[in-house]
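What follows is a short report on a single structure.
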Amino acid sequence: MEFNHIFQSQKDFFNTHQTKDVAFRKRTLKKLKTILKENEGRFYEAIYKDFRKDRFDTFLTELSLIYNEIDFFLKNLQKLSKPKKVKTPLSLLPGKSHIYYDPLGVTLVIGAWNYPYSLTLIPLISSIAAGNTCVVKPSELPENTMHLLSELINTNFPSDYIYVAEGGIPETTELLTLRYDKIFFTGSPKVGKIVYEAAAKNLVPVVLELGGKSPALVTRTADLEVAAKRLVWGKFLNSGQTCIAPDYLLAEESVKPELLRLMKEKLDEINYSDGAGHYASIINKRNFDRVLGLVDKSSIYYGGRSNEQTLYIEPTILDNVSWDDAVMQEEIFGPVFPVIGFSNYDEILQKIIEGEKPLAAYLFTKDNTEKKKLLDFVSFGGGCINDSLMHITSDYLPFGGIGNSGIGSYHGEYGFLAFSHQKSVVEKTPWGEPDWKYPPYSDKKLKWIKRVM
Ligand code: NAD
């Protein structure tokens, strides 16, 4: 009932047209940035309480991206929201054509728990920038961050414009019955289907940012030192609880032993021990048990230790894994890195193609043909050549999945477009129209139409 009330009030507020004003949107974004800056310490504290996430990581992987997104829109919103003049075909002359970027209305953002600030606030920023009102439902699992978000947003902004709804499955289920103008969901493919189904009942368009098993490939031509360093960082950041983390590693047999040795060296250098400030815990006991359940002890090459009290799982590398092992059947979403060797690059690409389309893919190579084959033949959301994760940090690249890993994209301009309707308008002059489209028809008119259209 409360959600229905908020929803109706947001609809009414949207219809006052205040959000159409670009200056109003920019003021909102500036205010949001000030609130975040003034409360940065509380953001670090809340997330540390939730899963021991370190302040450096929180700044690097959450706050810096959020500030970036706000700054992007403060700089570019005027230009982005201006009607765009496009070409007008001969058949529509005399006249002109424009695309108008219309706000959609009332939007709903549902976030996942693993990056609880950026996965809620970046879509919110895009929604505000595009001129919508927004209800945000963060994940209930990191409860301190959820409370902080609702406190800061709900005390600083009117609920008929922006509102944070707290809650888990029952509350989300209730929210999903309302007829939003867009639903932006981040989470698992399983829940993505529930959201999509609920949205379909009201023909609500969606963006679904989902997950899956993202491969990393290392071939014999790669700089192994670089590959080891960047893969270890990308895999074990946030204890592997990253949607675009390399889920599993495919290493060319001839370089696999050296790559594994280098990865071990990097892990030893960094100190990922229990309680090491920079290494997050697993979010809850359920996920702790699930991730450990995927580890076949006989395959452990590195790591394997854990602590139930602190929900710590040591970075763990599994060697000589087979495609049929449990660890290869689901998204790992934890600090366990299975390694499979290969000797034929084309065959291994084919194996990836046979699975669900991944959210990300990473290739470490110096060979342009290998690079071209991956890019030409494998469908995946986004990724990097010779790096991991970093494509997500660019405002100039759309971020999103494909197939089982998602629908639609956001970040920068793409977030603006995700929350806008592109309204196409032809504007004709009241004069100068040839009469070829009006009856009575004639052969002469038909000839003319064939030429013009
Ligand atoms: P989840 O799907 O369990 O939950 C996501 C959201 O949905 C939460 O807000 C939760 O409250 C809500 N929810 C859960 N069950 C629901 C139900 N039955 N009905 C309605 N709402 C429900 O996902 P999670 O555990 O929070 O996050 C992990 C998953 O999210 C992984 O698959 C990961 O890859 C994916 N993910 C994707 C991205 C991306 O940008 N593509 C980012 C982060 C996480």
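In each ligand, atom 1 is the first atom listed, and ligand 1 is the first ligand listed. All figures in this text were calculated on a predicted structure; none of them were measured in a lab.
Relative orientation of the Tyr67 and Phe59 rings is tilted, given thresholds of 30° and 60° on the angle between their planes. Phe419 and Phe184 have parallel rings, their planes meeting at less than 30° on a 0 to 90° scale where 60° marks the start of perpendicular. Ring geometry for Tyr161 against Phe24 counts as tilted: the plane angle lies between 30° and 60°, on a 0 to 90° scale.
Residue-environment remark: CD (Glu197) stays at or below the threshold of 12 foreign heavy atoms within 6.0 Å.
Ranked by closest heavy atom to atom 6 (C) of ligand 1, the top entry among Ala112, Ser139, Gly111, Gly187 is Gly111. Ranked by closest heavy atom to atom 13 (N) of ligand 1, the top entry among Thr242, Val191, Val207, Thr173 is Val191.
Scanning the protein for heavy atoms near atom 44 (C) of ligand 1, the closest one is Asn114 OD1, 3.4 Å. Shortest contact from atom 7 (O) of ligand 1 to any protein heavy atom: Phe185 CE1, 3.4 Å. Of the protein's non-hydrogen atoms, the one nearest atom 1 (P) of ligand 1 is Ser188 OG, 3.7 Å. The protein heavy atom nearest to atom 42 (C) of ligand 1 is Cys243 SG, 3.1 Å. When only non-hydrogen protein atoms are considered, atom 31 (C) of ligand 1 lies nearest to Glu331 OE1, 3.5 Å. For atom 41 (N) of ligand 1, the closest heavy atom belonging to the protein is Leu210 O, 2.7 Å. Nearest non-hydrogen protein atom to atom 19 (N) of ligand 1 is Ile169 CG2, 3.9 Å. Residue, atom and distance of the protein heavy atom nearest to atom 10 (C) of ligand 1 are Glu140 OE1, 3.6 Å.
Less than 4.0 angstrom separates some heavy atom of Leu119 from each of these atoms of ligand 1: 42 (C), 43 (C). Less than 4.0 angstrom separates some heavy atom of Glu209 from each of these atoms of ligand 1: 37 (C), 38 (C), 39 (C), 40 (O), 41 (N). Each of the atoms 5 (C), 37 (C), 38 (C), 39 (C), 40 (O), 42 (C), 43 (C) of ligand 1 lies under 4.0 Å from some heavy atom of Thr186. Here is the list of ligand 1 atoms found below 4.0 Å of a heavy atom in Trp113: 24 (P), 25 (O), 26 (O), 27 (O). Every atom of ligand 1 is numbered from 1 in the order shown, and the set under 4.0 Å from a heavy atom of Phe399 is 40 (O). Within the listing of ligand 1, atoms 8 (C), 9 (O), 10 (C), 11 (O) sit less than 4.0 angstrom from a heavy atom of Lys137.
Between the His391 side chain and the Phe399 main chain, no donor and acceptor come within less than 3.5 Å of each other.
In summary, of the residues considered (Leu148, Thr61, Leu36), a side chain to side chain contact (heavy atoms under 4.5 Å, CB included) with Tyr117 occurs for Leu148 alone.
Residue Phe333 touches ligand 1 through its side chain alone, judged by heavy-atom distances below 4.0 Å. With a heavy-atom cut-off of 4.0 Å, Lys190 does not touch ligand 1 at all. Heavy atoms of Ile110 found under 4.0 angstrom from ligand 1 belong exclusively to the side chain. Residue-level proximity to ligand 1 for Ile244 is absent, since no heavy atom of it falls below 4.0 angstrom.
Taking the centre and axis of the six-membered ring of Tyr301, the NZ or CZ atom of Lys264 falls outside the cone set by 45° and 6.0 Å.
Between Glu2 and Tyr163, the side chains place a donor N or O and an acceptor N or O closer than 3.5 Å (distance only, hydrogens not considered). Using modelled atom types, one finds a donor on one side chain and an acceptor on the other under 3.5 Å when comparing Asn287 with Asn284. Thr310 and Asp274 share a donor-acceptor pair across their side chains, judged by distance under 3.5 Å alone. Looking at Thr186 and Tyr115, their side chains never bring a donor and an acceptor atom within 3.5 Å of each other.
A distance of 11.0 Å separates CG in Leu318 from CG in Leu249, rounded to the nearest 0.5 Å.
A 4.5 Å side-chain heavy-atom check between Leu217 and Ile348 finds at least one atom pair inside the cut-off.
In this structure, atom 4 (O) of ligand 1 has its sub-4.0 angstrom surroundings free of protein heavy atoms.
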